[in-house]
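Heads up, the thing below is written out as structure tokens.
Quantities reported herein were computed from a predicted structural model and do not represent experimental measurements.
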Amino acid sequence: MPSDHLPSAERSADSVEAPFLELLARGATADAYEQPVLLARAEGLPDRHVAALEQAKVLALRVRTEIEGRRRREAELSALFETAHDLAGLRDLDAVLRAIVQRARSLLGTDIAYLSLNDATRGDTYMRVTEGSVAARFQQLRLGMGEGLGGLVAQTARPYVTDDYFKDERFQHTRTIDAGVQDEGLVAILGVPLMIGPHVIGVLFAADRRARVFEREQIALLGSFAALAAAAIDTANALTETRSALDRLGRANEIIQDRSAVIERASDVHDRLAELVLRGGGVHDVAAAVSEVLDGTVEFTEPGSTPTVAVEAARADGHAVRHGDDWVAAVAAGGELLGALVLRGHPGLDPVDQRTLERAAMVTSLLLLARRSASEAEQRVRGELLDDLLEGRDRDPGLLRARAVRLHADLDGSHVVLAARLDVVAADAGQEAGARRRLWSAASHLAATRHGLAASRDGGTVLLLPLGPGDTATTLARRTAKELGTAVQEAVTVGASAPFDRLAAQPEAVATAYTEGQRCLEALRLLGRTGDGAAAEDFGFLGLLLAGDRDISGFVARTIGGVVAYDERRGTDLLRTLDAYFASGMSPARTKDTLHVHVNTVAQRLERVGRLLGDDWQSPARILEIQLALRLHWLSSDGPR
């Protein structure tokens, strides 16, 4: 039926509802629903029509409210579902908590949302996540338990809301909290508890920077988000505890495996050390075996080569001790220190490996004692050969060479005789005898390692050592004094003879060289140079008195040999100039009169002498030696007197 033929009541109902249905369809604002009523009044329509429009408006607004409510609940349910989905796949707790706070702020339409957690260790509460905050001090707040709105929520385990924070006296205000809230500009705040079982672990907040009344549905929604946040935290804590338990189990398993490996290593090193002892291995074989077992570098060091503090601590304690990144185990027998085993760069040594190092040190001491017994027998043989040379009892070159070869010594090489003596005042005869034994032992060891001979004689020790490449009697004496002094931990003074060759063909030279070495030794002691080493050549012209063969040509060569050679090569008169210079009282002017040359010539010749003899040639000590050398040179060459 056409609308023109509809009853007037039906046409009136259609015209009243139509504008509001259109507004509902396009989702207009609530204010727009006043327009149809205002338009009807403006057109002067009957009051009955205006009243119908008013009634239709009320119904339309009610429908709109219902639709908006359903949309809001749909959005809330969707947000809660997404949050629950995030929680189910929890990987990063902070990310889940940030998502919860962001969704709460969005759905409640607040300026800011934030979440605080209780810190049981420090006994306070701290900000964990914030969304919409612009104040740094607010984001870093730490609150005491029971303070602020959050404290009230935590105490009662119920939601609390304030329309105006600074005017609300229901909770405890503090300067710190109020300053942070003021920086953020907050006015209305809603807080709901985060609970795991009966315990409050924190608070979830939504806040506005203007006065606002939070509706019951909004409070319930924030509470739902708080429940999800608490569940996320509980789940994360459970995962953390599970991971921690798994880590502890893993570490326990590693320890068990490590202990098993350590026991196997200990058994392995025991077998290896036993095998070394049985087949007569050396200390370096022990160090190599322990290095392999401990997966490090183990070295045997002689006494004095390792820091004394560490060695003495290990010796006193009877156990290996840590020294920096190293471990040191003393190798000792009775009261004598034989050396140390040092494990390099292995600071994290466990007790079992430490015991392995200590056992290796014990085995090393046994090997050293066994070697000492064999060495003492060899030392006696070496001493007997040197005694025979000193006493001249055996003059058969062939027999002497054969005896020396068995001791790995070569009597045909260049040798030096060294007289060594301890310079220590002992408290009693026993201590002095012990010191001499240590010197004899150290000298014998040195002689064996240097392919020489050693014997105890005249309260000291005499050594016959080969002269190495680049060595002089002086350097050999000083090195020997230092090495023996280090070995016995006392000052040892050493006097050396001049080098001599073909010992087997002239065995009597050993006794003469020993006398020379003793003279040098006594000269050092008289000069107060105890603990040092020297040869006759080190004493200048006094060396002529100390040397066994009065080596005049050697003294001249050492003192003015450079000038003599220069004159011989160039045909110059530097020696005559030098002699005239001394005869003229070291006056260049009088020297030029004696030589009948110009004074500049004298100066040039003296400058050349200085380059040949050294800058200190005019020092008092050097002048005396140079004058004596000149006199001996002229005497031997029948030159000027």
Side-chain angles (χ1 to χ4, degrees), residues 379 382-383 385-392 397 400-401 403-405 407-422 439-440 442-458 460-487 492-525 529 531-540 542-551 553-555 557-558:
Q379 288 170 7
R382 289 179 183 275
L385 175 56
L386 184 53
D387 281 335
D388 288 347
L389 289 171
L390 289 169
E391 299 294 339
L400 288 174
R401 287 192 183 94
R403 292 174 64 185
V405 167
L407 297 173
H408 306 288
D410 179 13
L411 297 185
D412 290 325
S414 182
H415 285 74
V416 172
V417 174
L418 304 161
R421 187 174 298 173
L422 276 169
L439 175 60
W440 156 241
S444 298
H445 176 72
L446 181 62
T449 56
R450 298 287 178 83
H451 305 294
L453 304 175
S456 180
R457 200 172 188 85
D458 300 327
T461 300
V462 55
L463 298 95
L464 178 67
L465 297 181
L467 199 62
D471 269 345
T472 65
T474 299
T475 58
L476 184 60
R478 289 176 178 171
R479 186 166 65 246
T480 302
K482 181 178 180 181
E483 291 177 356
L484 293 179
T486 300
V492 177
T493 307
V494 176
S497 72
F500 57 97
D501 301 325
R502 299 184 300 280
L503 176 58
Q506 47 176 352
E508 68 280 356
V510 177
T512 303
Y514 176 53
T515 301
E516 181 179 339
Q518 282 185 306
R519 289 173 181 168
C520 291
L521 171 62
E522 292 302 325
L524 285 172
R525 299 178 71 186
R529 291 172 57 184
D532 198 358
E537 63 185 28
D538 299 313
F539 295 96
L542 290 177
L544 293 175
L545 304 177
L546 300 175
D549 58 358
R550 302 295 191 269
D551 183 16
S553 61
F555 171 74
R558 289 193 300 272

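- Take R478 and apply the salt bridge (Lys or Arg N to Asp or Glu O under 4.0 Å) test, not counting sequence neighbours, and it matches no residue.
- Every residue meeting the side-chain contact (heavy atoms from CB on, under 4.5 Å) condition with A442, not counting sequence neighbours, appears here in chain and number order: L484, A487, V488.
- Partners of D471 according to the salt bridge (Lys or Arg N to Asp or Glu O under 4.0 Å) rule, which considers only residues two or more places apart in sequence or in another chain, are R479.
- Evaluation of the side-chain hydrogen bond (donor to acceptor under 3.5 Å, both in side chains) rule for T461 yields no partner, not counting sequence neighbours.
- Between G531 and T493, the closest heavy-atom pair is N-OG1, 2.8 Å.
- Taking A419 as the reference, Y514, Q518, L521 meet the side-chain contact (heavy atoms from CB on, under 4.5 Å) condition, with sequence neighbours excluded.
- Considering every non-hydrogen atom in both A443 and A454, the closest pair reads O-CB, 3.8 Å.
- Separating the CG atom in L467 from the OG1 atom in T475 is a distance of 7.0 Å, to the nearest 0.5 Å.
- Heavy-atom minimum distance, V416 versus S497: CG1-O, 3.5 Å.
- Considering only residues two or more places apart in sequence or on other chains, D410 meets the salt bridge (Lys or Arg N to Asp or Glu O under 4.0 Å) condition with none of them.
- Applying the side-chain hydrogen bond (donor to acceptor under 3.5 Å, both in side chains) test to T474 and every residue at least two apart in sequence or in another chain returns E537, D538.
- The side-chain hydrogen bond (donor to acceptor under 3.5 Å, both in side chains) test applied to S414 returns D501, not counting sequence neighbours.
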